[in-house]
Structures are given as structure tokens and as C-alpha cells.
Amino acid sequence: MKLPSINVITQQEFCSHIEDDDFLRKYGNPVAIQAEDGSILVCMAIEYYERMTGKRIENIIESRGSI
């Protein structure tokens with residue numbers, strides 16, 4: 001089975017742009033991050049993870065109250 005390719009970005013690029021409003025649109029969902037130590041991490045929207053796994057991820061602010 002052929003799987004779709006996932007965009008790969010550097011750790012620096014991830015850190016510089018993760019808070020951009022269009023991050024997932026620009027880099028993809030999910031996106032792979034090539035860490036400085038050589039490992040590869042995967043970042044995806046919580047909604048996408050929940051849909052894939054069928055498990056709900058509780059929001060930290062919802063569970064602990066406002067900051």
C-alpha cells in the first residue's frame with residue numbers, strides 16, 4: 001500500500017512558525033519535524049489525532065481552569 005508523503009521541516013523552522021495561524025495549511029497536517037538530534041517527530045492537529053484514534057484529548061485549560 002502506498003501512503004501519501006508527509007512534509008518534513010527542520011526543528012528550527014518548526015519552532016519559528018508553530019504559532020503561525022496558517023501553520024498547518026502551509027506545512028501540512030501532519031508534518032514531520034527533523035530534530036537536531038536526528039530523530040523525527042510528527043506534529044498534527046488535535047482534531048486530526050482524535051479523528052484517527054477515536055479518543056478525545058482534553059484541553060489543558062478546560063481541565064485546569066483559566067490561566
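Atoms considered below: every heavy atom in the structure, side chains included; atoms not considered: hydrogens, waters and symmetry mates.
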Report yes if the side chains of [X] and [Y] come closer than 4.5 Å at any heavy-atom pair, otherwise no.
X   : Y   : value
T10 : Q34 : no
F23 : F14 : yes
I9  : V31 : yes

Quick check: closest heavy atoms across [X] and [Y], and the distance to 0.1 Å?
X   : Y   : value
I40 : A32 : CG2-CB, 3.9 Å
E36 : Q11 : N-OE1, 2.7 Å
M44 : P30 : CB-CB, 3.8 Å
A45 : L24 : CB-CD1, 3.5 Å

Pairwise distance [atom1]([X]) to [atom2]([Y]) - rounded to 0.5 angstrom:
X   : Y   : atom1 : atom2 : result
H17 : Q12 : NE2   : CD    : 8.5 Å
I46 : R56 : CD1   : CZ    : 9.0 Å
S39 : I33 : OG    : CD1   : 9.5 Å
D21 : K26 : CG    : NZ    : 12.0 Å

